[in-house]
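Below: one structure, written as structure tokens.
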Amino acid sequence: MKQYKTKCMYGYSILGERPPKLDTQTKYVIIEQSRFFPHCVIIQRVDGKIFQGEKTWIVPQNSIY
């Protein structure tokens with residue numbers, strides 16, 4: 001799987017909660033395209049670790065490199 005970094009500091013909030021913070025120093029893999037947020041992907045850390053209580057994040061596809 002291709003690995004990416006992200007320019008986003010926060011992922012999208014789904015239920016109006018505080019947006020989940022991302023670790024911008026680690027690498028991520030794309031799990032799938034978001035069905036509900038156009039032009040977004042669902043990502044998770046390459047190392048599989050949980051970061052601040054989160055395992056997956058939704059980010060704009062153009063924010064990963």
Open item on the list: The test is side-chain contact (heavy atoms from CB on, under 4.5 Å); show your working for Leu22 and Val59 and say whether it passes.
Closed with: CA-CA 10 Å; Leu22 283 130; Val59 297; 3.8 Å; yes

- [ ] Keeping to residues at least two apart or across chains, list the side chain to side chain donor-acceptor pair (under 3.5 Å) pairs with something in residues 23-38.
- [x] Asp23-Arg45

TODO: Could you tell me the separation between the CD atom of Gln61 and the NE2 atom of His39, rounded to the nearest 0.5 Å?
DONE: 9.5 Å

TODO: Give a yes or no answer on whether the side chain of Trp57 reaches the backbone of Val41 with a donor-acceptor pair at less than 3.5 Å.
DONE: no

Open item on the list: Do Ile14 and Ile58 have side chains that approach each other closer than 4.5 Å (heavy atoms only, starting at C-beta)?
Closed with: yes

- [ ] Kindly give the heavy-atom pair with the smallest separation between Cys8 and Pro60, and that separation in Å.
- [x] SG-CD, 3.8 Å

Open item on the list: Would you say OH of Tyr65 has more than 12 non-hydrogen atoms from neighbouring residues, nucleotides or ligands within 6.0 angstrom?
Closed with: yes

Task: ring-ring contact (aromatic ring centres under 6.0 Å, His included) partners of Tyr10, counting only residues at least two apart - done: none

Open item on the list: For Phe37, give me all partners under ring-ring contact (aromatic ring centres under 6.0 Å, His included), at least two apart in sequence or on another chain.
Closed with: Tyr12

- [ ] Would you check, one step at a time, whether the test side-chain contact (heavy atoms from CB on, under 4.5 Å) holds for Ile43 with Ile31?
- [x] CA-CA 5 Å; Ile43 60 173; Ile31 298 174; 6.0 Å; no

Task: side-chain contact (heavy atoms from CB on, under 4.5 Å) assessment of Val29 paired with Gln44 - done: CA-CA 6 Å; Val29 292; Gln44 76 176 27; 3.9 Å; yes

